[in-house]
Amino acid sequence: MKKKLFLLTASSILALSLAACSEDAKEPEQPSNVASAETLIALSGDTVSKNSGCVLASQFAPGDDIIFRMNAINPATKEQLKDAVLKVHLSTGEVLDMKYAQHIEDFFWTIKYTITDETPKGQLDYYVTAEYKGQHAEYRPFNVAPSLITIVDGNDAPVEKETVEEDVDLSKITPTQKFELFARNFTFTNSKGEDVFYVKAGEEVTIDYKNEEGMHGFDIQGLDVSVTEPGIVKFTPKEAGEYPIVCNVFCGADHEIMKSKLIVIQ
């Protein structure tokens with residue numbers, strides 16, 4: 001009797017083992033609403049002013065464009081999800097379809113929103129949604145003034161203050177028509193660390209641009225000079241004045257303070 005019981009027990013164990021093997025050790029299926037690693041979405045972005053040369057801004061007046069800029073990546077692989085669909089939702093009820101395209105050397109999503117005299121003044125709330133392979137994500141700005149958008153009257157728009165050179169006797173300044181411009185996070189300087197450059201009107205200026213840290217380019221506002229690659233740029237300023245040199249590639253949190261100045265003297 002004991003022998004028969006042992007055989008019966010052994011047979012039961014063998015049958016259970018074969019049953020387990022016949023399922024090929026299948027892993028339990030994930031619920032359909034759980035995102036797989038390849039469909040994860042991480043969103044980041046900001047808003048910039050077109051009239052200010054695409055620098056970070058949160059206050060906008062009629063005649064300006066709000067440029068919404070967003071990036072969507074897979075946080076697991078760090079790869080950009082170029083097929084993702086991004087939309088900006090405004091508190092006015094409008095929904096803006098963002099476009100994925102190349103900007104200088106980077107690719108990201110943008111859309112502009114033009115401010116007119118009819119645009120309601122005050123806070124303009126927004127959020128951004130993304131959809132990729134059936135999964136959804138949402139981006140909302142921080143609930144602090146620098147991140148929130150405010151529409152102001154033209155007279156109330158913030159005036160960007162330029163650095164004033166005090167006690168500079170331009171008659172004693174020797175213009176330098178050729179100089180090196182080094183771009184680093186987050187400054188434009190020459191080899192001496194100076195960030196103000198004096199040149200003479202009506203004479204050719206040669207800048208040897210060198211990008212030593214980060215991703216940068218520069219515009220000289222008011223002179224129609226725009227550079228995105230290291231190398232030599234030449235131009236001839238015709239009128240005296242102060243011309244801001246600003247970074248034209250979004251390079252991080254301090255992008256808006258990456259400036260220097262070209263002073264053209266007679």
Side-chain angles (χ1 to χ4, degrees), residues 35-120 123-142 146-152 157 211 214-219 221 224-229 246-256 258:
S36 65
E38 67 177 12
T39 61
L40 294 173
I41 306 173
L43 295 175
S44 60
D46 59 24
T47 57
V48 299
S49 164
K50 179 182 178 181
N51 289 355
S52 298
C54 283
V55 298
L56 291 174
S58 60
Q59 293 191 6
F60 300 86
D64 198 358
D65 286 343
I66 304 173
I67 308 297
F68 294 91
R69 307 189 302 185
M70 295 295 301
N71 195 16
I73 67 169
N74 181 317
T77 64
K78 308 302 181 184
E79 294 181 355
Q80 197 173 49
L81 306 175
K82 63 180 182 179
D83 294 326
V85 177
L86 274 64
K87 297 177 182 289
V88 178
H89 302 256
L90 302 177
S91 55
T92 60
E94 298 165 276
V95 179
L96 313 176
D97 294 323
M98 304 192 76
K99 299 183 183 301
Y100 178 79
Q102 183 174 6
H103 304 272
I104 312 298
E105 294 183 352
D106 294 331
F107 286 82
F108 48 88
W109 287 259
T110 62
I111 190 65
K112 74 175 183 178
Y113 184 72
T114 301
I115 305 303
T116 68
D117 291 330
E118 287 70 38
T119 303
Q123 185 169 311
L124 176 65
D125 295 327
Y126 78 97
Y127 64 96
V128 180
T129 58
E131 182 176 349
Y132 180 72
K133 293 187 176 180
Q135 299 300 324
H136 300 267
E138 186 175 295
Y139 167 88
R140 291 181 182 268
F142 288 112
S147 296
L148 300 174
I149 293 176
T150 304
I151 308 302
V152 299
N211 193 356
M215 297 289 293
H216 310 288
F218 71 90
D219 290 340
Q221 295 179 340
D224 195 27
V225 176
S226 184
V227 178
T228 58
E229 297 287 345
V246 301
C247 183
N248 60 15
V249 177
F250 180 69
C251 53
D254 289 330
H255 169 72
E256 72 277 10
M258 188 170 176

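Side chains are part of it too, since the values below use all heavy atoms of this structure and drop only hydrogens, waters and symmetry mates.
For the ring-ring contact (aromatic ring centres under 6.0 Å, His included) with Phe68, the lone residue among Phe108, Tyr127, Tyr126, Tyr139 that qualifies is Tyr126.
Across all their heavy atoms, Arg69 and Leu56 have their closest contact at NH2-CD2, 4.3 Å. Taking each heavy atom of Pro75 and Ile73 in turn, the nearest pair found is CD-O, 3.5 Å. Contact between Val152 and Pro62 at its shortest, heavy atoms only, is O-CD, 3.2 Å. Heavy-atom minimum distance, Ile67 versus Lys112: CD1-CB, 3.5 Å. Nearest heavy atom pair, residue Val249 against residue Cys247, reads O-SG, 3.1 Å. Nearest heavy atoms, Leu86 versus Met70: CD2-CB, 3.6 Å.
Within 6.0 Å of the CD atom in Glu79, the count of heavy atoms belonging to other residues, nucleotides or ligands does not exceed 12.
Gln135 has its side chain out of reach of Leu40: every pair of non-hydrogen atoms, C-beta onward, lies at least 4.5 Å apart. In this structure, the side chains of Trp109 and Asn71 come closer than 4.5 Å at one or more pairs of heavy atoms. Two residues are said to be in side-chain contact when any heavy atoms from C-beta on lie closer than 4.5 Å; Leu124 and Tyr113 meet this criterion. Using a 4.5 Å heavy-atom cutoff, the side chains of Leu148 and Pro141 are in contact. At least one side-chain heavy atom of Asp125 sits less than 4.5 Å from a side-chain heavy atom of Gln123. For the pair Thr129/His136, no side-chain contact is recorded, criterion being any heavy-atom separation below 4.5 Å from C-beta on. The shortest side-chain heavy-atom distance between Ile66 and Ile151 falls under the 4.5 Å cut-off. Taking 4.5 Å as the limit, some side-chain heavy atom of Phe218 sits within range of a side-chain heavy atom of Val225.
For the pair Thr47 (side chain) and Ala57 (backbone), a donor-acceptor distance under 3.5 Å is present. A donor-acceptor pair under 3.5 Å links the side-chain atoms of Asp64 to the main chain of Asn51, judged by distance alone. Formation of a donor-acceptor pair under 3.5 Å by the Asp97 side chain with backbone atoms of Lys87 is not found in this model. Asn74 contributes no side-chain N or O that, together with a main-chain N or O of Leu81, makes up a donor-acceptor pair within less than 3.5 Å.
From Asn248, atom CG reaches atom CE of Met258 across 9.5 Å, with rounding to the nearest 0.5 Å.
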